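One structure follows; several queries about it will come next.
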Amino acid sequence: MKDRIHLFLQHAFRAGVLLTLFIAPTQWSWQPRPKFNLSLADLSLALTAGAWLLDVLLRREWRRLKPPPCAQVLFVLAAGLSFAVAQDKAFAVKDIVQLVEFFIVGHVVFAAFLREQKGALRQSLAVLFVATAVNVGIAAAQYFSGEGVMQVRGTFGNRNVLGGYLALALPMALGVMLGVRQVWAKAALGLLLAAGFLVNLSGASYFAVAGVVACMAARRGHKVFIPVAACLLLAQVFVLPNLPRENDVEHFWSVALYDGDGVATKRYPEWQAAYNTVLTHPWLGVGMGNYQKRVGEFYDNVPQRTGPSEADTQNLYLVLAVSAGFPALLLFIVFLGGAVRKARAAAAHGAGFQSALGLGVGGALTAFAFAAVWHPLIVRGIGLPLVFALALAQCLAGQGAVKNDSGK
């Protein structure tokens with residue numbers, strides 16, 4: 001009886017993780033009550049974690065209970081302490097619960113799946129790239145629809161969040177493309193990369209991905225770097241200016257200091273206000289979820305703009321420092337940098353597919369880190385894919401994620 005329950009829970013665990021990865025890259029959600037949002041990915045992750053934990057308890061296999069990296073746990077705890085100073089406690093609880101979901105529950109579930117399940121790496125990557133292809137396909141339809149530039153967003157809220165997701169997905173796709181041997185897989189991933197570059201209208205994300213892709217190609221030698229660099233250069237000079245959206249112009253205006261009328265854009269004065277807030281509340285910040293409520297008090301000069309402002313133009317690092325304090329920001333940088341270091345170690349010391357995948361994961365986290373300077377990217381739709389990349393970096397460093405997988 002116990003064996004049958006174990007087998008059922010293992011199948012449920014596998015199906016739950018793959019379903020969560022497939023539906024995670026979207027910001028679609030519903031609000032059963034004010035200040036409380038739910039998505040299918042939230043529910044799927046909760047049920048998946050419950051199935052895995054029940055299996056651990058029934059079999060008393062306590063060695064499977066491996067926590068995330070220490071800095072990651074401390075980051076969530078530090079963010080949780082900001083509840084004490086939050087003006088709006090409900091928003092603080094919502095954001096803290098989301099951090100626990102992403103960086104504790106999500107990490108434990110994804111890392112356990114990669115360690116324990118045969119074929120987990122191959123299956124999870126395939127599902128993630130299928131979800132990415134669906135998003136890119138939707139964004140391509142939006143791109144050619146003639147609607148406003150902010151509507152080129154896939155299943156996300158706007159182009160900036162879509163760009164943040166592509167900063168994670170495209171370098172990882174290139175890493176897998178370099179590691180697999182099948183021609184059809186290389187062609188499919190190459191097409192995904194090209195389409196992803198086409199629909200990415202966030203300048204910060206586009207140039208972060210382009211720079212990381214060039215560096216990844218350089219790591220593989222001149223035979224890879226020369227054609228990749230040539231493609232990127234030719235695309236920038238000849239292709240982007242002639243696309244229907246004039247992508248190069250959109251990239252410029254998406255990060256410009258001033259708009260076409262010479263008025264300061266919203267982004268950079270808000271960065272200054274955020275920095276002023278950090279100086280005033282350095283230890284615990286103003287409380288998770290309270291950034292928008294409090295940052296307005298610390299403006300020196302508010303730009304005189306009319307009409308709606310573009311969403312998600314904040315600096316993630318300043319948002320974290322304002323919301324949870326400078327110690328929480330340092331812990332975030334430590335565990336993100338640690339994951340990049342682990343992925344680079346896997347790329348340097350691994351062989352074949354593991355080396356290429358390590359290169360891709362390190363590139364994905366690096367591109368995310370750079371794009372986050374211009375956009376607050378720890379949000380629904382990106383949080384779980386980010387945590388999957390973090391868990392993958394940890395498992396690659398321990399060589400536990402690829403013992404049953406290969407690039408063949």
Side-chain angles (χ1 to χ4, degrees), residues 1-25 38-77 80 96-128 130-131 335 338-339 342-343 345-346 350 353-354 357-358 361 383-408:
M1 182 64 178
K2 284 186 177 182
D3 288 340
R4 284 195 293 178
I5 293 175
H6 169 66
L7 186 62
F8 170 78
L9 291 175
Q10 286 289 292
H11 286 310
F13 179 46
R14 180 187 295 271
V17 170
L18 297 178
L19 176 63
T20 301
L21 283 173
F22 181 73
I23 63 179
L38 275 177
S39 72
L40 288 176
D42 298 329
L43 296 175
S44 176
L45 179 64
L47 293 173
T48 303
W52 176 77
L53 185 59
L54 179 60
D55 188 46
V56 170
L57 294 174
L58 290 176
R59 297 178 67 85
R60 298 183 180 180
E61 294 176 334
W62 314 121
R63 57 184 174 76
R64 295 166 63 187
L65 295 171
K66 296 184 179 180
C70 181
Q72 200 164 305
V73 176
L74 291 176
F75 163 71
V76 176
L77 292 175
I96 292 167
V97 168
Q98 191 171 65
L99 291 183
V100 172
E101 175 196 349
F102 291 164
F103 295 107
I104 304 297
V105 178
H107 192 284
V108 168
V109 166
F110 291 144
F113 180 65
L114 291 168
R115 286 194 311 266
E116 298 173 3
Q117 296 277 333
K118 184 177 181 179
L121 179 64
R122 173 177 48 82
Q123 293 173 8
S124 56
L125 288 173
V127 166
L128 192 63
V130 169
F335 80 72
K342 290 173 184 176
F353 183 71
Q354 181 177 348
L357 181 58
V361 174
L384 289 176
L386 169 64
V387 171
F388 174 74
L390 294 171
L392 185 51
Q394 183 184 32
C395 291
L396 284 173
Q399 298 183 353
V402 293
K403 61 182 180 182
N404 296 313
D405 291 278
S406 71
K408 297 181 180 180

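Owing to the predicted nature of the structure, the values given are computational and were not obtained by experimental measurement.
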Nearest 0.5 Å please: distance from the CG atom of L121 over to the CZ atom of F113.
->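 These two atoms lie 9.5 Å from each other.
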With the side chain counted from C-beta on, respond yes when K342 and L396 share a heavy-atom pair under 4.5 Å apart, and no when they do not.
-> no
Do V387 and F110 have side chains that get closer than 4.5 Å, going by heavy atoms?
-> yes
Looking at residues at least two apart in the chain, or sitting in another chain, which of them share a side-chain contact (heavy atoms from CB on, under 4.5 Å) with E101?
->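 Scan of E101 (side-chain contact (heavy atoms from CB on, under 4.5 Å), adjacent residues dropped) gives D42, L45, Q98, L384.
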Provide the full list of salt bridge (charged side-chain N to carboxylate O under 4.0 Å, His left out) pairs with a residue in residues 3-16, sequence neighbours left out, each pair given once.
-> none
Please examine the side chains of P67 and V108, heavy atoms only from C-beta on, and report whether any two atoms are closer than 4.5 Å.
->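 A side-chain contact is absent here, since even the closest heavy-atom pair is not under 4.5 Å.
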Of the non-hydrogen atoms in H107 and A391, which two are nearest, and what is the gap between them?
-> NE2-CA, 3.7 Å
Quick one: list whatever passes ring-ring contact (aromatic ring centres under 6.0 Å, His included) with F75, sequence neighbours left out.
-> F103, F332, F335
Drop me the distance from I5's CD1 to L54's CG, to the nearest 0.5 angstrom.
->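 Answer rounded to 0.5 Å: 8.0 Å.
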Residues in side-chain contact (heavy atoms from CB on, under 4.5 Å) with L65, at least two apart?
->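 side-chain contact (heavy atoms from CB on, under 4.5 Å) check on L65 returns W52, L53, V56, W62.
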Please list, chain by chain and in numerical order, all residues satisfying side chain to side chain donor-acceptor pair (under 3.5 Å) with S124, sequence neighbours excluded.
->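 Side chain to side chain donor-acceptor pair (under 3.5 Å) list for S124, sorted by chain: empty.
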Quick note, salt bridge (charged side-chain N to carboxylate O under 4.0 Å, His left out) partners involving residues 46-56, not counting sequence neighbours, are D55-R64
When rounded to the nearest 0.5 angstrom, what distance separates CD in Q117 from CZ in R122?
-> 12.0 Å
Atom pair CG (L43) and OG1 (T48), whose distance is rounded to the nearest 0.5 Å =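 Here the rounded value is 10.5 Å.
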Within a strict 4.5 Å, meaning less than it, do heavy atoms of the H6 and L58 side chains meet?
-> no
Check whether any side-chain heavy atom of L125 sits under 4.5 Å from a side-chain heavy atom of F388, and report yes or no.
-> yes
